[in-house]
Amino acid sequence: MKVVVTGGAGFIGSNLVRLILRERPQWEVVNLDLLTYAGNLENLTGVDEHPHYAFVHGDVADRTCLEAVLEDADAVLHLAAESHVDRSIASATDFIRTNVVGTETLLASVRRRGGLPVVLVSTDEVYGELPWQDPRATGPRERFHPSTPLAPRSPYAASKAAGDLIALAYQRTHGVDVRVTRCSNNYGPYQFPEKLIPLMVTNALEGKGLPIYGDGLHIRDWIHVDDHCRGVLAVLERGSAGRVYHFGGDAERTNLEVVEAIADRLGVGRDRLAFVPDRPGHDRRYAIDWSGSAEELGWAPVVPFEQGLRSTVDWYVHHETWWRRVRDGSYQDYYEALYGPGGRSTLSAQP
Ligand code: NAD
Ligand code: TYD
């Protein structure tokens, strides 16, 4: 089995590549990644020498590159994306290019190649926001269901929804074997420190403030990246074409609760919490019902949030060289050593 993972140098992709090489020792993995600011080959240190692993520096919007990579592939796990909401608010251009055009280019290439399944890793943010509900309140809770209408609100979510719907359309119209996953907020090792949890941990470790948008009562459901990656593999191995699968951690928390837990783990005083102006169009709450997918796939999250958060905070404490290099941008030197000056933007297909 030869699996192409797009975006395998990013946060979830690199954890997925590691999981596959660890738990599916017969499989071969080809990591197709453009190495944008979020792609970092240091996320794969130790993996790069594995005999079943190959890296291709390329773009999912590049048809020629895709044709070469897909030639002898058996499956595609499509994670490559622009993934940060705040960046999409600053400018949505790259989001449309990769998440919409790149996804369609990939689907068209798979269609021409024929016969291989694609798991499109989408997000619960395609559903928009839910009304606020106290995470601690008992009783019925409103959650996203696979039948909930898509109503994305940020440019990021809208670009993911477009790619997600185009993928389902390719399945219905052209019979391409596409399976879509929609997952809640991931956390864990190797997450780029622009997202809430690694940003707060690294700011705290650097003695900086912890910026909380608005009133800090926005709610996210948190899932450990390992649980999500196991779900993606389950979809490839036991899922069906045209289906939408949900993954979540059953761990709804306000941002304030998450940041306070991080501060407590690091022994940082509450005086470092800084309430800053809210994100425009900030979704109030996400929560996802994954029961149907669990039943169909035999999947369930196993990492309890408080335990996973502690181990994640400790991971950043013990990987200071990694995050300092990411934060100051010097990890890009690593690319230059591999590809030469400007190598990050030089597209090439070298499976
Ligand atoms: P990330 O930003 O950490 O990584 C994205 C990766 O894609 C990077 O390695 C980047 O170099 C690569 N990439 C970007 N544009 C590319 C292109 N045109 N061609 C090839 N590679 C390209 O993202 P992540 O958090 O690991 O998310 C991975 C996927 O999971 C995304 O599709 C995202 O929408 C989805 N998702 C993320 C979360 C989350 O909480 N992080 C939750 C649900 C779904
Ligand atoms: P983020 O990690 O960007 O993920 P998403 O927007 O995709 O859910 O943000 C998670 C939550 O944390 C979201 O409600 C915005 C909030 N947030 C802050 O309060 N401060 C910050 O500095 C960041 C990056 C996010």
Side-chain angles (χ1 to χ4, degrees), residues 7 10-13 34-40 59-61 79-104 120-132 144 148-166 182-187 191-203 208-223 252-256 258-259 262 273-288 323 326-329 344-345:
F11 161 50
I12 302 173
L34 185 59
L35 300 179
T36 66
Y37 79 94
N40 181 358
D59 186 347
V60 292
L79 290 88
E82 289 295 331
S83 68
H84 190 42
V85 171
D86 291 326
R87 285 180 190 258
S88 79
I89 294 167
S91 168
T93 308
D94 289 347
F95 290 74
I96 306 303
R97 186 186 176 280
T98 290
N99 303 359
V100 186
V101 178
T103 296
E104 196 278 332
L120 175 90
V121 176
S122 186
T123 166
D124 65 353
E125 299 188 30
V126 297
Y127 295 115
E129 66 174 2
L130 291 168
W132 198 86
F144 301 131
T148 303
L150 271 53
R153 291 163 34 92
S154 73
Y156 161 68
S159 69
K160 289 295 291 185
D164 177 323
L165 290 177
I166 292 166
R182 297 178 187 152
C183 184
S184 62
N185 284 59
N186 285 223
Y187 68 98
Q191 188 167 30
F192 196 89
E194 64 186 354
K195 306 281 166 57
L196 180 73
I197 289 177
L199 179 81
M200 295 300 159
V201 176
T202 53
N203 270 19
K208 295 181 176 163
L210 310 181
I212 296 168
Y213 297 162
D215 60 9
L217 298 181
H218 300 78
I219 294 170
R220 297 292 181 266
D221 167 52
W222 294 97
I223 181 172
E252 284 184 58
R253 300 287 184 278
T254 66
N255 294 336
L256 199 51
V258 173
V259 175
I262 292 169
L273 274 56
F275 289 88
V276 300
D278 209 352
R279 168 188 281 174
H282 194 174
D283 289 340
R284 197 62 170 156
R285 173 172 169 252
Y286 304 140
I288 190 156
W323 61 258
V326 169
R327 271 171 78 115
D328 71 13
R344 289 177 71 214
S345 56

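All values below were derived from every heavy atom in this structure, side-chain atoms included, with hydrogens, water molecules and symmetry-related copies excluded.
- For the residue pair Tyr187 and Phe11, the shortest heavy atom distance occurs at C-CZ, 3.6 Å.
- You'll find the side chain of Pro211 reaches within 4.5 Å of the side chain of Met200, heavy atoms only.
- Closest approach of Asn255 and Leu196 over heavy atoms only: OD1-CD2, 3.8 Å.
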Side chain to side chain contact (heavy atoms under 4.5 Å, CB included) evaluation trace for Thr98 with Val60 | CA-CA 7 Å; Thr98 290; Val60 292; 4.3 Å; yes
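- One finds no salt bridge joining Lys160 and Glu125 here, because no Lys/Arg side-chain nitrogen approaches an Asp/Glu carboxylate oxygen to under 4.0 Å.
- Side-chain contact check for Asn203 versus Arg327: some heavy-atom pair is nearer than 4.5 Å.
- Side-chain contact between Leu120 and Asp164 is present, with heavy atoms from C-beta onward closer than 4.5 Å.
- A side chain to side chain contact (heavy atoms under 4.5 Å, CB included) with Asn99 holds for exactly one of Ser83, Ser122, Ser159; it is Ser159.
- Note: Tyr213 and His282 have perpendicular aromatic rings, judged against thresholds of 30 and 60 degrees for the angle between ring planes.
- Put simply, CD1 on Ile12 and CG on Asn186 are 3.5 Å apart, with the number rounded to the nearest 0.5 Å.
- A donor-acceptor pair is defined here as one N or O able to donate and one able to accept, closer than 3.5 Å; such a pair exists between the side chain of Trp132 and the backbone of Leu217.
- Each of Ile219, Asn185, Ile197 was checked for a side chain to side chain contact (heavy atoms under 4.5 Å, CB included) with Val258, and the lone residue meeting it is Ile197.
- Between the CD1 atom in Ile288 and the SG atom in Cys183 there is a gap of 7.0 Å [rounded to 0.5 Å].
- The two residues Tyr127 and Thr148 come nearest to each other via the heavy atoms CE2-O, 3.2 Å.
- The nearest pair of heavy atoms linking Ala161 to Leu150 is CB-CD2, 4.1 Å.
- Within the 4.5 Å cutoff, the side chain of Arg87 has heavy atoms near those of the Glu194 side chain.
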Tell me, with the steps shown, if Val126 and Leu165 meet side chain to side chain contact (heavy atoms under 4.5 Å, CB included).
-> CA-CA 10 Å; Val126 297; Leu165 290 177; over 6 Å; no
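- Arg285 and Glu252 are joined by a salt bridge, as a carboxylate oxygen and a charged side-chain nitrogen come within less than 4.0 angstrom of each other.
- By the 4.5 Å heavy-atom criterion applied to side chains, Glu82 and Ile96 are not counted as neighbours.
- In this structure a side-chain-to-backbone donor-acceptor pair under 3.5 Å is present from Glu129 to Arg284.
- Within the model, atoms NZ of Lys208 and CG of Leu199 stand 9.0 Å from one another, a figure rounded to the nearest 0.5 Å.
- For Gly216 against Thr254, the heavy-atom pair with the smallest separation is O-CB, 3.6 Å.
- Side-chain atoms of Ile166 and Thr103, non-hydrogen and from C-beta on, never get closer than 4.5 Å to each other.
- Using the six-membered ring where Trp is involved, Phe192 and Tyr37 have ring planes that are perpendicular, over 60° apart on the 30 and 60° scheme.
- Electrostatic pairing of Asp124 and Arg220 does not count as a salt bridge here, judged by no charged N lying under 4.0 Å from a carboxylate O.
- The shortest distance between side-chain heavy atoms of Phe95 and Pro155 does not fall below 4.5 Å.
- Here the closest non-hydrogen pair linking Ile223 and Ser184 is CG2-OG, 3.6 Å.
- The backbone N or O of Gly281 lies less than 3.5 Å from a partner atom in the side chain of Arg153, making a donor-acceptor pair.
- Residues Thr123 and Tyr156 meet the side-chain proximity criterion, which asks for heavy atoms closer than 4.5 Å.
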